[in-house]
Amino acid sequence: MELKNKKWDLDKFMEFRKEVLQQWPTGKEVDLQEAIAYQKKLGEEKIMAEKLQEAKENEETLIQPRAGVALIEEHIELLKFLRDKGKTDLLPTTIDSYTRQNNYKEAEAGIKESSDEGRSMLNGFPAVNHGVINCRKVVEALDAPLQVRHGTPDARLLAEITLAGGFTDYEGGGISYNIPYAKDVSIEQTLYDWQYVDRLVGYYQEQGVRINREPFGPLTGTLVPPSISHSIAIIEGLLAAEQGVKNLTLGYGQCGNLVQDVAAIKSLEELAQEYLKDYDNIMLTTVFHQWMGGFPQDEAQSFGVISWGAATAALSKATKVIVKTPHEALGIPTKEANAEGLRATKQLINMLKNQELVSNTKLAKEKEMIKKETKQILERVFELGAGDLAQGTVKAFQAGVLDIPFAPSKYNAGNLLPARDDNGAVRYLNHGNLPFSDEVVEFNKQKLEARGEEEAREPSFQMVIDDIYAIGKGMLVGRPRN
Ligand code: 8ZB
(Lines give C-alpha, C1' and ligand atoms only; values in the text may rest on other atoms or scores of the structure.)
Protein backbone atom coordinates (compact mmCIF):
# COMPACT_ATOMS: atom_id res chain seq x y z
CA MET A 1 0.00 0.00 0.00
CA GLU A 2 1.42 3.33 -1.00
CA LEU A 3 -0.56 5.97 0.82
CA LYS A 4 -0.46 9.44 -0.71
CA ASN A 5 -2.98 12.23 -0.92
CA LYS A 6 -3.31 11.85 -4.65
CA LYS A 7 -6.39 11.05 -6.70
CA TRP A 8 -6.42 7.33 -7.53
CA ASP A 9 -6.13 6.67 -11.23
CA LEU A 10 -9.08 4.93 -12.76
CA ASP A 11 -7.28 1.67 -13.53
CA LYS A 12 -6.14 1.20 -9.97
CA PHE A 13 -9.64 1.98 -8.71
CA MET A 14 -11.30 -0.46 -11.11
CA GLU A 15 -8.81 -3.16 -10.16
CA PHE A 16 -9.64 -2.74 -6.45
CA ARG A 17 -13.37 -2.75 -7.17
CA LYS A 18 -13.27 -6.33 -8.46
CA GLU A 19 -11.90 -7.55 -5.18
CA VAL A 20 -14.24 -5.44 -3.04
CA LEU A 21 -17.36 -6.63 -4.86
CA GLN A 22 -16.41 -10.24 -4.15
CA GLN A 23 -16.47 -9.78 -0.39
CA TRP A 24 -20.14 -10.84 -0.20
CA PRO A 25 -22.50 -12.31 -2.82
CA THR A 26 -24.63 -9.14 -3.06
CA GLY A 27 -21.56 -7.38 -4.49
CA LYS A 28 -22.53 -9.03 -7.78
CA GLU A 29 -25.65 -6.87 -7.89
CA VAL A 30 -23.56 -3.74 -8.42
CA ASP A 31 -23.26 -2.62 -12.02
CA LEU A 32 -21.69 0.81 -11.87
CA GLN A 33 -23.02 2.18 -15.16
CA GLU A 34 -26.53 0.93 -14.39
CA ALA A 35 -26.23 2.42 -10.88
CA ILE A 36 -25.30 5.80 -12.30
CA ALA A 37 -28.31 5.67 -14.62
CA TYR A 38 -30.50 4.74 -11.63
CA GLN A 39 -29.17 7.61 -9.53
CA LYS A 40 -29.81 10.03 -12.39
CA LYS A 41 -33.47 9.03 -12.50
CA LEU A 42 -34.07 9.75 -8.80
CA GLY A 43 -36.47 12.59 -8.06
CA GLU A 44 -34.92 15.78 -6.75
CA GLU A 45 -36.63 15.26 -3.37
CA LYS A 46 -34.36 12.24 -2.80
CA ILE A 47 -31.06 13.99 -3.49
CA MET A 48 -29.28 15.09 -0.34
CA ALA A 49 -26.97 17.61 -2.02
CA GLU A 50 -30.00 19.39 -3.54
CA LYS A 51 -31.78 19.65 -0.19
CA LEU A 52 -28.67 20.82 1.59
CA GLN A 53 -27.88 23.42 -1.02
CA GLU A 54 -31.39 24.82 -0.87
CA ALA A 55 -31.25 24.96 2.95
CA LYS A 56 -27.90 26.69 2.85
CA GLU A 57 -29.18 29.30 0.42
CA ASN A 58 -32.26 29.93 2.56
CA GLU A 59 -30.29 29.87 5.82
CA GLU A 60 -32.45 27.07 7.14
CA THR A 61 -31.50 24.29 9.51
CA LEU A 62 -32.81 20.87 8.47
CA ILE A 63 -33.43 18.08 10.96
CA GLN A 64 -32.32 14.45 10.76
CA PRO A 65 -32.69 11.50 13.17
CA ARG A 66 -30.76 8.24 13.48
CA ALA A 67 -32.73 5.08 12.75
CA GLY A 68 -32.26 1.56 11.49
CA VAL A 69 -33.78 -1.90 12.04
CA ALA A 70 -33.01 -5.33 10.65
CA LEU A 71 -35.78 -5.97 8.13
CA ILE A 72 -36.73 -4.10 4.98
CA GLU A 73 -40.47 -3.60 5.52
CA GLU A 74 -39.98 -2.62 9.15
CA HIS A 75 -37.22 -0.22 8.21
CA ILE A 76 -39.47 1.45 5.63
CA GLU A 77 -42.28 1.68 8.18
CA LEU A 78 -39.92 3.26 10.73
CA LEU A 79 -38.66 5.88 8.29
CA LYS A 80 -42.18 6.71 7.10
CA PHE A 81 -43.19 7.18 10.73
CA LEU A 82 -40.32 9.61 11.30
CA ARG A 83 -41.43 11.57 8.24
CA ASP A 84 -45.12 11.60 9.20
CA LYS A 85 -44.92 11.93 12.98
CA GLY A 86 -41.50 13.50 13.41
CA LYS A 87 -41.67 15.84 10.40
CA THR A 88 -38.06 15.08 9.67
CA ASP A 89 -36.53 16.77 6.64
CA LEU A 90 -33.80 14.21 5.99
CA LEU A 91 -33.65 10.47 6.54
CA PRO A 92 -30.90 8.22 7.84
CA THR A 93 -30.22 4.57 7.68
CA THR A 94 -28.18 3.50 10.67
CA ILE A 95 -26.20 0.35 9.89
CA ASP A 96 -25.91 -2.53 12.41
CA SER A 97 -22.71 -3.34 14.29
CA TYR A 98 -21.99 -6.65 12.51
CA THR A 99 -21.98 -4.91 9.14
CA ARG A 100 -19.72 -2.22 10.60
CA GLN A 101 -17.26 -4.99 11.44
CA ASN A 102 -17.67 -6.54 7.95
CA ASN A 103 -19.18 -9.59 9.66
CA TYR A 104 -21.88 -10.32 7.09
CA LYS A 105 -22.36 -13.89 8.31
CA GLU A 106 -23.55 -12.73 11.73
CA ALA A 107 -25.66 -10.04 10.07
CA GLU A 108 -27.33 -12.79 8.03
CA ALA A 109 -28.07 -14.73 11.22
CA GLY A 110 -29.49 -11.53 12.73
CA ILE A 111 -31.83 -11.06 9.79
CA LYS A 112 -33.09 -14.61 10.15
CA GLU A 113 -33.54 -14.29 13.92
CA SER A 114 -35.38 -11.01 13.43
CA SER A 115 -37.89 -12.53 11.04
CA ASP A 116 -38.32 -15.56 13.32
CA GLU A 117 -38.86 -13.38 16.41
CA GLY A 118 -40.92 -10.73 14.67
CA ARG A 119 -38.74 -7.89 15.99
CA SER A 120 -35.37 -6.39 15.15
CA MET A 121 -32.51 -8.41 16.61
CA LEU A 122 -29.91 -6.11 15.04
CA ASN A 123 -29.06 -2.55 16.10
CA GLY A 124 -29.34 -1.26 12.57
CA PHE A 125 -30.05 -2.02 8.91
CA PRO A 126 -27.70 -4.63 7.38
CA ALA A 127 -27.51 -3.00 3.95
CA VAL A 128 -24.79 -5.25 2.52
CA ASN A 129 -26.79 -8.41 3.20
CA HIS A 130 -29.99 -6.87 1.88
CA GLY A 131 -28.22 -5.85 -1.31
CA VAL A 132 -28.84 -3.30 -4.03
CA ILE A 133 -32.39 -4.24 -4.96
CA ASN A 134 -33.67 -4.11 -1.40
CA CYS A 135 -31.93 -0.80 -0.73
CA ARG A 136 -33.80 0.57 -3.74
CA LYS A 137 -37.09 -0.61 -2.23
CA VAL A 138 -36.35 1.57 0.79
CA VAL A 139 -35.33 4.56 -1.32
CA GLU A 140 -38.38 4.26 -3.54
CA ALA A 141 -40.81 4.03 -0.62
CA LEU A 142 -39.74 7.40 0.77
CA ASP A 143 -39.91 11.00 -0.32
CA ALA A 144 -36.77 12.39 1.34
CA PRO A 145 -33.03 11.89 0.84
CA LEU A 146 -31.41 8.95 2.60
CA GLN A 147 -27.99 8.97 4.19
CA VAL A 148 -25.96 5.95 5.30
CA ARG A 149 -24.81 6.40 8.92
CA HIS A 150 -22.53 3.79 10.40
CA GLY A 151 -19.06 3.67 12.01
CA THR A 152 -17.22 1.33 9.67
CA PRO A 153 -13.43 1.34 9.32
CA ASP A 154 -13.59 -0.56 6.00
CA ALA A 155 -16.77 0.76 4.41
CA ARG A 156 -15.98 0.03 0.76
CA LEU A 157 -18.51 -2.70 -0.01
CA LEU A 158 -21.18 -0.92 2.04
CA ALA A 159 -20.61 2.18 -0.10
CA GLU A 160 -20.78 0.24 -3.36
CA ILE A 161 -24.09 -1.36 -2.40
CA THR A 162 -25.84 1.62 -0.84
CA LEU A 163 -24.85 4.09 -3.55
CA ALA A 164 -25.97 1.66 -6.24
CA GLY A 165 -29.06 1.27 -4.06
CA GLY A 166 -29.97 4.96 -4.37
CA PHE A 167 -28.65 6.46 -1.15
CA THR A 168 -27.38 9.98 -1.83
CA ASP A 169 -25.21 10.68 1.22
CA TYR A 170 -22.49 8.68 2.96
CA GLU A 171 -21.12 9.35 6.42
CA GLY A 172 -17.65 8.64 7.75
CA GLY A 173 -13.97 8.98 7.06
CA GLY A 174 -10.60 7.33 7.55
CA ILE A 175 -10.00 8.99 10.90
CA SER A 176 -13.49 9.64 12.23
CA TYR A 177 -14.69 6.06 11.60
CA ASN A 178 -11.51 4.52 12.93
CA ILE A 179 -10.08 6.19 16.03
CA PRO A 180 -13.40 6.52 17.95
CA TYR A 181 -14.62 3.07 16.84
CA ALA A 182 -11.74 0.59 16.52
CA LYS A 183 -8.93 -0.54 18.77
CA ASP A 184 -6.33 -1.88 16.41
CA VAL A 185 -6.94 -0.83 12.83
CA SER A 186 -4.08 1.33 11.56
CA ILE A 187 -4.77 4.84 10.33
CA GLU A 188 -2.81 4.11 7.21
CA GLN A 189 -5.23 1.29 6.39
CA THR A 190 -8.41 3.27 7.03
CA LEU A 191 -7.17 6.32 5.15
CA TYR A 192 -6.50 4.03 2.20
CA ASP A 193 -9.89 2.30 2.40
CA TRP A 194 -11.66 5.64 2.64
CA GLN A 195 -9.78 6.95 -0.39
CA TYR A 196 -11.57 4.16 -2.24
CA VAL A 197 -14.96 5.31 -0.90
CA ASP A 198 -14.21 8.91 -1.86
CA ARG A 199 -12.94 7.84 -5.27
CA LEU A 200 -16.20 5.96 -5.80
CA VAL A 201 -18.18 9.06 -4.87
CA GLY A 202 -15.85 11.08 -7.11
CA TYR A 203 -16.57 8.70 -9.96
CA TYR A 204 -20.33 9.14 -9.57
CA GLN A 205 -19.72 12.89 -9.46
CA GLU A 206 -17.72 12.82 -12.72
CA GLN A 207 -20.68 11.07 -14.33
CA GLY A 208 -23.05 13.81 -13.17
CA VAL A 209 -24.39 12.22 -9.97
CA ARG A 210 -24.29 14.29 -6.81
CA ILE A 211 -23.43 12.20 -3.77
CA ASN A 212 -22.85 14.04 -0.51
CA ARG A 213 -20.07 13.05 1.91
CA GLU A 214 -20.04 13.77 5.61
CA PRO A 215 -17.06 13.05 7.88
CA PHE A 216 -18.24 12.07 11.38
CA GLY A 217 -17.75 15.32 13.28
CA PRO A 218 -18.27 14.50 16.97
CA LEU A 219 -15.59 11.76 17.17
CA THR A 220 -15.77 10.27 20.68
CA GLY A 221 -18.59 12.64 21.55
CA THR A 222 -17.39 13.72 24.97
CA LEU A 223 -15.53 16.94 25.72
CA VAL A 224 -13.90 17.10 22.29
CA PRO A 225 -12.48 20.63 21.92
CA PRO A 226 -13.62 22.31 18.67
CA SER A 227 -10.08 22.62 17.32
CA ILE A 228 -9.62 18.84 17.54
CA SER A 229 -12.79 17.99 15.64
CA HIS A 230 -12.22 20.85 13.18
CA SER A 231 -8.71 19.60 12.37
CA ILE A 232 -10.03 16.10 11.66
CA ALA A 233 -13.04 17.37 9.69
CA ILE A 234 -10.86 19.57 7.49
CA ILE A 235 -8.34 16.79 6.89
CA GLU A 236 -11.10 14.36 5.89
CA GLY A 237 -12.72 17.04 3.73
CA LEU A 238 -9.46 17.68 1.92
CA LEU A 239 -8.74 13.97 1.42
CA ALA A 240 -12.26 13.52 0.01
CA ALA A 241 -11.96 16.52 -2.30
CA GLU A 242 -8.70 15.14 -3.71
CA GLN A 243 -10.58 11.98 -4.77
CA GLY A 244 -13.21 14.06 -6.56
CA VAL A 245 -15.87 14.60 -3.89
CA LYS A 246 -17.71 17.92 -4.45
CA ASN A 247 -20.51 17.91 -1.88
CA LEU A 248 -19.22 18.00 1.67
CA THR A 249 -20.92 18.38 5.02
CA LEU A 250 -18.53 19.03 7.89
CA GLY A 251 -19.69 18.32 11.41
CA TYR A 252 -19.25 19.34 14.99
CA GLY A 253 -20.67 17.90 18.20
CA GLN A 254 -22.29 20.23 20.72
CA CYS A 255 -20.08 21.07 23.69
CA GLY A 256 -22.77 22.97 25.58
CA ASN A 257 -21.60 26.57 25.85
CA LEU A 258 -23.67 28.62 23.40
CA VAL A 259 -21.01 31.11 22.39
CA GLN A 260 -18.34 28.44 21.88
CA ASP A 261 -20.73 26.22 19.92
CA VAL A 262 -21.88 29.01 17.61
CA ALA A 263 -18.27 30.09 17.14
CA ALA A 264 -17.38 26.50 16.34
CA ILE A 265 -19.89 26.13 13.51
CA LYS A 266 -19.03 29.53 12.04
CA SER A 267 -15.28 28.95 12.25
CA LEU A 268 -15.60 25.43 10.85
CA GLU A 269 -17.22 26.77 7.73
CA GLU A 270 -14.79 29.66 7.33
CA LEU A 271 -11.71 27.53 7.94
CA ALA A 272 -12.87 24.79 5.60
CA GLN A 273 -13.53 27.30 2.81
CA GLU A 274 -10.02 28.57 3.27
CA TYR A 275 -8.37 25.13 3.24
CA LEU A 276 -10.46 23.85 0.33
CA LYS A 277 -9.82 26.85 -1.92
CA ASP A 278 -7.72 24.88 -4.41
CA TYR A 279 -10.63 22.58 -5.24
CA ASP A 280 -13.28 23.87 -7.65
CA ASN A 281 -17.04 23.82 -7.17
CA ILE A 282 -17.14 22.45 -3.66
CA MET A 283 -20.58 22.70 -2.05
CA LEU A 284 -19.79 23.00 1.63
CA THR A 285 -22.43 22.65 4.34
CA THR A 286 -22.32 22.08 8.10
CA VAL A 287 -23.95 19.70 10.55
CA PHE A 288 -24.42 20.27 14.26
CA HIS A 289 -24.82 17.21 16.48
CA GLN A 290 -26.96 17.49 19.55
CA TRP A 291 -25.13 16.41 22.71
CA MET A 292 -23.22 13.17 22.06
CA GLY A 293 -22.13 12.48 25.64
CA GLY A 294 -24.03 10.83 28.46
CA PHE A 295 -27.71 11.79 28.84
CA PRO A 296 -29.98 12.03 31.88
CA GLN A 297 -32.22 8.98 32.41
CA ASP A 298 -35.23 11.23 32.90
CA GLU A 299 -37.13 12.00 29.70
CA ALA A 300 -38.12 15.51 30.73
CA GLN A 301 -34.50 16.38 31.46
CA SER A 302 -33.51 14.79 28.15
CA PHE A 303 -35.88 17.13 26.33
CA GLY A 304 -34.00 19.97 28.00
CA VAL A 305 -30.71 18.70 26.57
CA ILE A 306 -32.28 18.10 23.15
CA SER A 307 -33.85 21.54 23.06
CA TRP A 308 -30.63 23.31 24.01
CA GLY A 309 -28.93 21.50 21.12
CA ALA A 310 -31.76 22.50 18.81
CA ALA A 311 -31.55 26.14 19.87
CA THR A 312 -27.80 26.21 19.42
CA ALA A 313 -28.05 24.58 15.99
CA ALA A 314 -30.59 27.20 14.90
CA LEU A 315 -28.57 30.13 16.23
CA SER A 316 -25.38 28.82 14.63
CA LYS A 317 -27.21 28.49 11.29
CA ALA A 318 -25.81 25.00 10.74
CA THR A 319 -27.26 23.46 7.58
CA LYS A 320 -28.60 20.50 9.50
CA VAL A 321 -28.87 19.13 13.00
CA ILE A 322 -28.67 15.48 14.07
CA VAL A 323 -31.33 14.89 16.67
CA LYS A 324 -31.24 12.88 19.91
CA THR A 325 -34.17 11.20 21.61
CA PRO A 326 -35.56 11.04 25.18
CA HIS A 327 -34.43 7.37 25.21
CA GLU A 328 -30.78 8.25 24.72
CA ALA A 329 -29.69 6.99 28.16
CA LEU A 330 -31.47 3.66 27.61
CA GLY A 331 -30.31 2.55 24.17
CA ILE A 332 -31.99 2.39 20.79
CA PRO A 333 -35.15 4.53 20.88
CA THR A 334 -38.66 3.48 19.96
CA LYS A 335 -39.98 5.17 16.86
CA GLU A 336 -42.30 7.25 19.04
CA ALA A 337 -39.43 8.55 21.17
CA ASN A 338 -37.45 9.24 18.02
CA ALA A 339 -40.32 11.30 16.59
CA GLU A 340 -40.62 13.20 19.89
CA GLY A 341 -36.97 14.29 19.70
CA LEU A 342 -37.63 15.47 16.16
CA ARG A 343 -40.75 17.43 17.08
CA ALA A 344 -39.07 19.10 20.04
CA THR A 345 -36.19 20.07 17.78
CA LYS A 346 -38.38 21.34 14.96
CA GLN A 347 -40.26 23.55 17.43
CA LEU A 348 -37.03 25.29 18.43
CA ILE A 349 -35.75 25.52 14.88
CA ASN A 350 -38.99 27.19 13.76
CA MET A 351 -39.04 29.58 16.70
CA LEU A 352 -35.44 30.68 16.23
CA LYS A 353 -35.16 30.62 12.48
CA ASN A 354 -35.08 34.38 12.08
CA GLN A 355 -32.90 35.07 15.07
CA GLU A 356 -29.18 35.32 15.20
CA LEU A 357 -26.71 35.32 18.04
CA VAL A 358 -25.60 38.94 17.93
CA SER A 359 -21.95 39.22 17.02
CA ASN A 360 -20.04 40.38 20.01
CA THR A 361 -16.51 40.42 21.29
CA LYS A 362 -16.94 37.09 23.07
CA LEU A 363 -18.07 35.34 19.92
CA ALA A 364 -15.26 36.94 17.93
CA LYS A 365 -12.70 35.88 20.54
CA GLU A 366 -13.93 32.27 20.54
CA LYS A 367 -13.76 32.13 16.77
CA GLU A 368 -10.29 33.61 16.79
CA MET A 369 -8.98 31.05 19.30
CA ILE A 370 -10.60 28.06 17.56
CA LYS A 371 -9.05 29.17 14.29
CA LYS A 372 -5.64 29.71 15.83
CA GLU A 373 -5.61 26.32 17.51
CA THR A 374 -6.84 24.51 14.40
CA LYS A 375 -4.32 26.22 12.14
CA GLN A 376 -1.45 25.43 14.48
CA ILE A 377 -2.41 21.75 14.44
CA LEU A 378 -2.94 21.56 10.68
CA GLU A 379 0.26 23.42 9.91
CA ARG A 380 2.26 20.81 11.81
CA VAL A 381 0.37 17.96 10.10
CA PHE A 382 1.34 19.33 6.67
CA GLU A 383 4.92 19.78 7.86
CA LEU A 384 5.15 16.20 9.13
CA GLY A 385 3.94 14.91 5.77
CA ALA A 386 6.33 17.16 3.86
CA GLY A 387 3.27 18.57 2.10
CA ASP A 388 1.40 15.25 1.78
CA LEU A 389 -1.70 15.32 3.96
CA ALA A 390 -2.25 11.55 4.11
CA GLN A 391 1.34 10.88 5.21
CA GLY A 392 1.17 13.84 7.53
CA THR A 393 -1.94 12.47 9.20
CA VAL A 394 -0.33 9.09 9.90
CA LYS A 395 2.76 10.77 11.35
CA ALA A 396 0.73 13.28 13.31
CA PHE A 397 -1.13 10.52 15.13
CA GLN A 398 2.19 8.81 15.90
CA ALA A 399 3.52 12.06 17.30
CA GLY A 400 0.36 12.96 19.22
CA VAL A 401 -0.01 16.11 17.10
CA LEU A 402 -3.43 14.78 16.23
CA ASP A 403 -4.94 13.33 19.38
CA ILE A 404 -8.58 12.53 20.17
CA PRO A 405 -9.66 12.45 23.82
CA PHE A 406 -11.17 9.21 25.18
CA ALA A 407 -10.59 7.18 22.01
CA PRO A 408 -10.16 3.38 22.15
CA SER A 409 -7.61 3.18 19.32
CA LYS A 410 -4.07 2.11 20.09
CA TYR A 411 -2.99 4.38 17.22
CA ASN A 412 -4.11 7.42 19.20
CA ALA A 413 -1.70 8.94 21.73
CA GLY A 414 -4.41 9.73 24.26
CA ASN A 415 -2.46 12.47 26.02
CA LEU A 416 -5.14 15.14 25.99
CA LEU A 417 -7.22 16.19 28.96
CA PRO A 418 -10.11 18.50 28.16
CA ALA A 419 -12.20 20.19 30.85
CA ARG A 420 -14.85 22.87 31.01
CA ASP A 421 -14.09 26.41 32.04
CA ASP A 422 -16.30 28.36 34.40
CA ASN A 423 -18.77 29.12 31.61
CA GLY A 424 -18.89 25.53 30.38
CA ALA A 425 -16.72 26.01 27.28
CA VAL A 426 -14.37 23.08 26.64
CA ARG A 427 -10.67 23.91 27.09
CA TYR A 428 -7.36 22.08 27.18
CA LEU A 429 -6.36 21.14 30.72
CA ASN A 430 -3.48 19.19 29.23
CA HIS A 431 -2.70 19.71 25.55
CA GLY A 432 -0.36 16.71 25.28
CA ASN A 433 1.80 17.05 22.18
CA LEU A 434 -0.42 19.47 20.30
CA PRO A 435 1.80 22.10 18.68
CA PHE A 436 0.27 25.10 20.42
CA SER A 437 1.84 28.51 20.78
CA ASP A 438 2.45 29.97 24.25
CA GLU A 439 -0.49 32.30 23.70
CA VAL A 440 -2.89 29.41 23.11
CA VAL A 441 -1.57 27.41 26.06
CA GLU A 442 -1.83 30.46 28.34
CA PHE A 443 -5.39 31.24 27.16
CA ASN A 444 -6.56 27.73 28.02
CA LYS A 445 -4.73 27.74 31.34
CA GLN A 446 -6.25 31.02 32.47
CA LYS A 447 -9.75 29.87 31.59
CA LEU A 448 -9.35 26.76 33.73
CA GLU A 449 -7.69 28.62 36.59
CA ALA A 450 -10.68 30.95 36.70
CA ARG A 451 -12.95 27.95 37.16
CA GLY A 452 -10.60 26.53 39.79
CA GLU A 453 -10.86 29.75 41.79
CA GLU A 454 -14.62 29.65 41.62
CA GLU A 455 -14.65 26.06 42.90
CA ALA A 456 -11.78 26.51 45.38
CA ARG A 457 -9.77 23.67 43.83
CA GLU A 458 -6.82 23.32 41.51
CA PRO A 459 -7.71 22.40 37.90
CA SER A 460 -7.10 18.65 37.83
CA PHE A 461 -8.18 15.29 36.45
CA GLN A 462 -11.06 15.32 38.93
CA MET A 463 -12.61 18.19 36.96
CA VAL A 464 -12.49 16.07 33.81
CA ILE A 465 -14.30 13.21 35.54
CA ASP A 466 -16.87 15.55 37.05
CA ASP A 467 -17.52 17.09 33.63
CA ILE A 468 -18.01 13.75 31.92
CA TYR A 469 -20.85 12.85 34.27
CA ALA A 470 -22.32 16.33 34.71
CA ILE A 471 -24.99 16.41 31.99
CA GLY A 472 -26.30 13.00 33.00
CA LYS A 473 -26.69 14.41 36.51
CA GLY A 474 -28.46 17.52 35.35
CA MET A 475 -25.63 20.06 35.05
CA LEU A 476 -23.24 21.28 32.36
CA VAL A 477 -20.17 21.98 34.49
CA GLY A 478 -19.21 19.25 36.96
CA ARG A 479 -18.93 21.29 40.14
CA PRO A 480 -17.89 19.74 43.44
CA ARG A 481 -20.92 18.65 45.54
CA ASN A 482 -23.42 18.80 42.68
C1 8ZB B 1 -22.41 7.37 17.41
C2 8ZB B 1 -23.89 7.40 17.35
C3 8ZB B 1 -24.57 7.03 18.63
C4 8ZB B 1 -26.01 7.39 18.62
C5 8ZB B 1 -27.89 6.09 18.18
C6 8ZB B 1 -27.56 5.91 19.64
C7 8ZB B 1 -26.74 7.14 19.91
C8 8ZB B 1 -27.46 3.83 17.17
C9 8ZB B 1 -29.39 3.37 16.31
C10 8ZB B 1 -29.48 4.62 16.93
C11 8ZB B 1 -31.67 4.82 16.32
C12 8ZB B 1 -30.56 2.86 15.68
N13 8ZB B 1 -28.25 4.87 17.46
N14 8ZB B 1 -28.13 2.91 16.48
N15 8ZB B 1 -30.61 5.33 16.95
N16 8ZB B 1 -31.69 3.62 15.71
N17 8ZB B 1 -30.56 1.68 15.05
O18 8ZB B 1 -26.69 6.61 17.64
O19 8ZB B 1 -28.71 5.83 20.43
O20 8ZB B 1 -27.59 8.24 20.09
Side-chain angles (χ1 to χ4, degrees), residues 63-72 74-83 85-86 88 90-101 107 110-111 114 119-127 129-130 138 146-153 155 158 162 171-173 175-182 214-224 229 232 251-254 287-297 299 302-303 305-306 309-310 320-342 344-345 404 406-409 471-472:
I63 65 173
Q64 183 179 19
R66 295 185 173 87
V69 288
L71 303 177
I72 295 138
E74 284 75 3
H75 187 57
I76 291 172
E77 190 188 311
L78 168 62
L79 296 183
K80 280 191 168 164
F81 187 90
L82 298 176
R83 273 293 269 169
K85 299 291 189 296
T88 188
L90 312 173
L91 289 169
T93 286
T94 302
I95 304 298
D96 70 288
S97 304
Y98 291 127
T99 303
R100 297 178 187 198
Q101 304 301 319
I111 294 172
S114 303
R119 66 192 172 100
S120 181
M121 301 299 282
L122 292 174
N123 62 359
F125 182 79
N129 293 67
H130 285 317
V138 177
L146 276 138
Q147 181 189 41
V148 186
R149 303 190 67 87
H150 44 129
T152 311
L158 180 65
T162 51
E171 196 193 28
I175 304 164
S176 63
Y177 268 6
N178 175 351
I179 305 300
Y181 285 95
E214 179 187 330
F216 176 58
L219 303 172
T220 48
T222 302
L223 300 178
V224 179
S229 50
I232 307 291
Y252 164 76
Q254 179 180 19
V287 53
F288 182 85
H289 288 250
Q290 291 179 353
W291 179 242
M292 292 292 285
F295 255 64
Q297 296 270 341
E299 295 197 14
S302 294
F303 280 119
V305 179
I306 289 168
K320 73 171 182 178
V321 54
I322 305 287
V323 172
K324 286 277 179 170
T325 81
H327 285 178
E328 177 59 28
L330 311 172
I332 293 180
T334 61
K335 61 184 190 306
E336 289 80 9
N338 213 333
E340 283 173 359
L342 288 163
T345 299
I404 298 174
F406 315 116
S409 174
I471 286 198

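Each ligand, and each atom within it, is numbered from 1 in the order the structure gives.
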A.B. asks: Tell me whether Gly68 has any N or O atom under 3.5 angstrom from an N or O of ligand 1.
C.D. replies: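 Yes.
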A.B. asks: Kindly write out the residues that satisfy salt bridge (charged side-chain N to carboxylate O under 4.0 Å, His left out) with Arg66, not counting sequence neighbours, or none if the list is empty.
C.D. replies: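 If we apply the salt bridge (charged side-chain N to carboxylate O under 4.0 Å, His left out) test to Arg66, skipping adjacent residues, there are no hits.
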A.B. asks: Given Lys335, which of Glu77, Glu74, Lys85 fulfils the side chain to side chain contact (heavy atoms under 4.5 Å, CB included) condition?
C.D. replies: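 Single pass found, and it is Glu77.
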A.B. asks: Could you list the atoms of ligand 1 found under 4.0 angstrom from a heavy atom of Pro333?
C.D. replies: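 Going through ligand 1 atom by atom, the ones under 4.0 Å from Pro333 are 11 (C), 15 (N).
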A.B. asks: Taking the side chain as every heavy atom from C-beta outward, state whether Ile232 and Ile179 have any atom pair closer than 4.5 Å.
C.D. replies: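 Side chain of Ile232 against side chain of Ile179, heavy atoms only: no contact under 4.5 Å found.
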A.B. asks: Write out the residue and atom name of the closest protein heavy atom to atom 20 (O) of ligand 1, then the distance separating them to 0.1 Å.
C.D. replies: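 I find the closest protein heavy atom is Glu328 OE1, 2.5 Å.
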A.B. asks: Among protein heavy atoms, which sits nearest to atom 2 (C) of ligand 1, and what does the distance come to when rounded to 0.1 Å?
C.D. replies: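 It is Arg66 NE, 3.6 Å.
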A.B. asks: Checking the side chain of Thr88 only, and the main-chain atoms of Ile63 only, is there a donor and an acceptor separated by less than 3.5 Å?
C.D. replies: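 Yes, Thr88 side chain to Ile63 backbone: donor-acceptor pair under 3.5 Å.
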A.B. asks: Return yes or no for this condition: an N or O of Lys324 is under 3.5 Å from an N or O of ligand 1.
C.D. replies: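 It does: an N or O of Lys324 is found under 3.5 Å from an N or O of ligand 1.
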A.B. asks: Quick one: sort the His130 and Phe125 rings into parallel, tilted or perpendicular, breaks at 30° and 60°.
C.D. replies: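 Answer is tilted, since the angle falls between 30° and 60°.
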A.B. asks: Considering Asn123, Val323, Thr94, Thr334, which one's heavy-atom position lies nearest to atom 17 (N) of ligand 1?
C.D. replies: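 Residue with the shortest heavy-atom distance to the ligand atom: Asn123.
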A.B. asks: Record the part of Tyr181 in heavy-atom contact with ligand 1 below 4.0 Å; permitted values are side chain, backbone, both and neither.
C.D. replies: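 Side chain only.
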A.B. asks: For Ala67, counting its heavy atoms only, list the atoms of ligand 1 lying under 4.0 Å from any of them.
C.D. replies: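 By the 4.0 Å cutoff, the relevant atoms are 11 (C), 16 (N).
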A.B. asks: Only counting residues at least two apart or in another chain, list the ones meeting salt bridge (charged side-chain N to carboxylate O under 4.0 Å, His left out) with Arg100.
C.D. replies: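 None.
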